[in-house]
Amino acid sequence: MYSKEQTQKLQKITSELLKKNKDHAIHKKEVRELRDILRFHEYRYYILNDPLISDFEYDQLYRSLAKIEEEDSGLITPDSPTQRVAKGLTKDFPEVQHLVPMLSLENSYNPDDLVDFDRRARELAGVNEIEYCIEPKFDGAGISLIYEDDLLVRGATRGDGVKGDDITTNIKQVKSIPLSAKFSDYGIKQIEIRGEILINKNNFKKYNELMAEQNLPPLANPRNAAAGTLRIKDPKIVAERNLEGFLYQVSYYTTTHKDYKVFRYHSEILSLLWNLGFRSPEKEKKVVTGIEKVIAHCKKFEEGRDDLPYEVDGLVIKVNDLDLQDKMGMTSHHPRWAIAFKFKARQATSHLKTVEFQVGRMGNITPVAKIDPVPIGGVTVSSVSLHNEDFINEKDIRIGDSVLVERAGDVIPYIVKSFPELRKGHEKKIHFPEKCPVCGKPIYKPEGEAAWRCINYNCEAQVVQRIIHYASKDALDITGLGEAIVSKFHESGWLKTIADIYRLPFDEIEKLEGFGKKSVQNLKNAIEKSKTQPLYRIIYGLGIRFVGEATAKTLAQAVSHLMGLKNFSEEDLQKLEDIGPKVAAAIHQFFHNKENIELLEELERAGVHFKNEKKNFAKNGNLNDLTFLFTGTLPTLKRSDAESMVEEHGGHVLNGVSAKLNYLVVGEDAGSKLEKAKKINTVKIISEEEFLKMLKEK
Ligand code: IVH
C-alpha cells in the first residue's frame, strides 16, 4: 500500500510533526497531513504488525488531531481516525438486508472429499484442470461491509444469511478495518465485502487471564469471544478487546463505467483489498492448479496451524477464475465453486468421573472435573476447570455425565456442555464443600463474586500457591522451583513464605533423593538470578489481587523503588493507566498490610532488587515490547551481547520461534528456527546489519 519512498517520506513528516507537537505548534492547516500520518501508522501497526513509532508517540499525534478538530468541528471528516470513537451506548442493532445473501460453505474432511469436489467442479466448468486459490478459514464471526464512494457506510453481522444486524459502530472499533479506502481508483462506486472478525490468540488469552483474576468464567474460545464482542453495546469495551478484521470476498460491486469488470480472478480481489489497506489473506493465500497440489498444501498448512497468531478451523478452496465461478453457480446453501477443508476437531466427548476442589493463591476454591483422558488437538486432556458454582449450575453439569470438551489452540480446556439426554439415572449433583478442603477453616463468598474463598491467609494451599506464582515463568522465573518442588520443600518446613526462597538449606536439599550437586547449583543460580529481575516481575510475583502483568508494568513505571508504592493513595493509583477503583483498593490494601510490608523488607534484605532500573522500559532507543530471537552465527556480534542489546532497548528475547516472535535475526548456518519462522507470516526475518540499523533508527 505504501512504497518504500512513501514510507520514508511519511516517517520524515512524522518526526517533524512529533517535534512540533512538543511545542504545541501543530497548526490547523496541517490537519490533513496529520490525519494521513495517523492512518499510515495505524496501517503499520494493525495491518503490517510493524509499527514505526511508539504507542506513546501515536497518542501524542492523535491528541493533537482531536484537539484541532474539537476547536473547529468543520474540519472533521467521516473517515478521520478520531471518528472511530463513539459517544455513549449503542441503542440497538437494527436489522438490515444483505445486498447478496451470505451463503455457507460445503465442508470436506479428507483428501477423498477434495478429489470428489474437484471432479464435480471440472464437470460443471467443462474444463480438464482448475486453478484454485486456497486461503485460511478464519474461525471468527462473519461480517459484511459496504463502502460507498470510498467511505465505510455499513457493517453488518451475517445473521441468517439474508438479514443481519447493523453493527457499524462496533465495526469502527476494529482498527484494521479502514474507515475509507480508495476503491474509486479502480472505478468502483459501491462495494460489499465479506470477511471475518477475530480475536487473536494472544488477546484472547489476555482477556481470559483478566476474567480468571476476577474469578469470572472465561470465554470458551476466540470465536465466541469475537461474536459476543460484536454485540456489546458499549463501543469502548469493544475497542478494548482488540478485535481484528480479515476480508476475503467481494460479493457485489458497481462501477462508474457500465459493465466494467474490475477483477478476473479471486486472487486479484485479495491483492486489491490488501493494496487498499485491508487485512486480506494476501500473504497467506496460495494459488495452485490441480487438486493434488491443493491436498498437499492443506496437509502442510494444518501442521503449522498452531503457529498462527489467530485461530483457523480449516482452509477454503475457491475456483480462482471468476467467470468459471459464475458458470458454476450456487445451491441455496453454498457456492459450487468453493469448499471448506476442515482441520481436526478441537472438541471431544468424555465422561466426568469426579470433581476435586482446589484452593488458589487468593483462597479461591475452584472445582476441577476429572474426566476420562481424551486426546484433543495433540494433547491428552484429563482435568478441566469448572470455574465456579454458577458455571456448574448454568451448564447443568453432574458427576457421571457425558461432557463435550473443547481445547482451542493453546487455550485451556473448557467444558462446552453436558448431555442431560444421555443420563442413565446414576449421575450425581456436584456439592460444594462447606469448609476449606485443605485447612478446614470456614469459606465465604464475597458479594458480587462467583467464587467461594477460604478465609485463612495462612492456609497451606494458599501459601504453596503464592510461592509457586512468585517463582513462575512470568514472575521471578526461578527454574527448578515448580509446583512439585515447592510442595516438597513446604512439607519439609523450608518454604513457609516467599522470603524463605532466599534462605533455603541447600546442604539439606543436596541430600534429598533426586537432587545432586549440579541440580542444587542450578537452583542456587536461578534463585540468585531472580534477585535482579525487572521490578514489574517482582510486583507481578507478589500476587496482589487483580494485578496481572500489565498492571504490574504500569505500577513499576510509576516508581523508582518498590516501596514508593506505599505512598500512593487510592486516588493516586487510579490516575495510573487502566487502574480502576477495585484494583486501586486491592493495591492500596496490599501496601498497607503489616505482614506484607515485613515480607517486602525481608526480600530486600535478601538482596532482591527493588530499584526500578527501567531496564525494560527504555523510553528512547525504543524496541519496547518487541520480541527477538537470534539464530546461527552472527557476523560481528556475540549472541549474548546481541541479546543484552535487545533488553537494553526495552525489547525481549524469546526462547523459541512462535507467533509471539516479532524478529528472527539470522546469522550463518541458521537451522530449524529459520525454517519454522518462514512459516509464520508475522515473524520478520532480518540480518545482523538490519538489527543494528533498527537499534540506531529506533
Ligand atoms: S467464503 C460464498 N472464505 O466460513 C462464500 N468464508 O462455514 C462465502 N469463512 O460463512 C464464504 N473464512 O463466515 C469464505 N476465507 C474464507 C472464510 C470463510 C471463514 C466463514 C464464513 C462462512 C463460513 C462457512
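These values consider heavy atoms only, across backbone and side chains, with no hydrogens, waters or symmetry-generated copies.
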Give every donor-acceptor pair under 3.5 Å between a side-chain atom in residues 139-149 and any protein atom, sequence neighbours left out.
from : atom 1 : to   : atom 2 : distance (Å)
D139 : OD1    : R223 : NH1    : 3.3
D139 : OD2    : R223 : NH1    : 3.0
S144 : OG     : E192 : OE2    : 3.0
Y147 : OH     : P178 : O      : 2.5
E148 : OE2    : Q190 : NE2    : 2.8
D149 : OD1    : K189 : NZ     : 2.7

Sequence neighbours excluded and cut-off under 3.5 Å, please list the side-chain donor-acceptor pairs for residues 231-238, or say none.
from : atom 1 : to   : atom 2 : distance (Å)
R231 : NH1    : D165 : OD2    : 3.1
R231 : NH2    : D165 : OD2    : 3.0
K233 : NZ     : K91  : O      : 3.1
D234 : OD1    : K236 : N      : 3.0

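Looking at H98, its side chain never comes within 3.5 Å of a backbone N or O of V100 through a donor-acceptor pair. A donor-acceptor pair under 3.5 Å links the side-chain atoms of N612 to the main chain of A556, judged by distance alone. Under a 3.5 Å cut-off, the side chain of N320 and the backbone N or O of H266 do form a donor-acceptor pair. Side chain of N662 to backbone of T627: a donor-acceptor contact under 3.5 angstrom is found. E690 contributes a side-chain N or O that, together with a main-chain N or O of S687, makes up a donor-acceptor pair within less than 3.5 Å.
Classification of E30 and K20 as a salt-bridged pair holds, one side-chain N sitting under 4.0 Å from a carboxylate O. Salt-bridge formation is detected for the pair D72/K28: a Lys NZ or Arg NE/NH1/NH2 atom is positioned less than 4.0 Å from an Asp or Glu carboxylate oxygen.
Y663 and F628 have parallel rings, their planes meeting at less than 30° on a 0 to 90° scale where 60° marks the start of perpendicular.
At least one cation-pi condition fails for K175 and Y45: the charged atom is not both under 6.0 angstrom from the six-membered ring centre and inside a 45 degree cone around its axis. For the pair K566 and F591, the cation-pi criterion (under 6.0 Å, within 45° of the ring axis) is not fulfilled.
In this structure, Y186 and V262 approach most closely via the heavy-atom pair O-CG2, 3.7 Å.
For residues 35-49, the pairs satisfying salt bridge (charged side-chain N to carboxylate O under 4.0 Å, His left out) are R35-E69, D36-R39, R39-D79, E42-R84, R44-D50, with sequence neighbours left out.
Residue E16 places its CD atom among more than 12 non-hydrogen atoms of other residues, nucleotides or ligands, all under 6.0 Å distant. Other residues, nucleotides and ligands place more than 12 heavy atoms under 6.0 Å from the NZ atom of K684. Residue Q6 places its CD atom among more than 12 non-hydrogen atoms of other residues, nucleotides or ligands, all under 6.0 Å distant.
Side-chain atoms of Q83 and S80 include no donor-acceptor pair closer than 3.5 Å. For the residue pair S271 / K285, a side-chain donor-acceptor distance below 3.5 Å is found, with atom types taken as modelled. Defined by atom type and a distance below 3.5 Å, a donor-acceptor pair is present between the side-chain atoms of H41 and T14.
Of the listed residues (E244, E311, K206), just one forms a side-chain hydrogen bond (donor to acceptor under 3.5 Å, both in side chains) with N200, and that residue is E244.
Between T229 and I199 the shortest side-chain heavy-atom distance does not fall below 4.5 Å.
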Open item on the list: As a quick check of understanding, evaluate side-chain hydrogen bond (donor to acceptor under 3.5 Å, both in side chains) for Y248 and R194, giving each step before the final call.
Closed with: CA-CA 6 Å; Y248 47 69; R194 301 278 162 83; over 6 Å; no
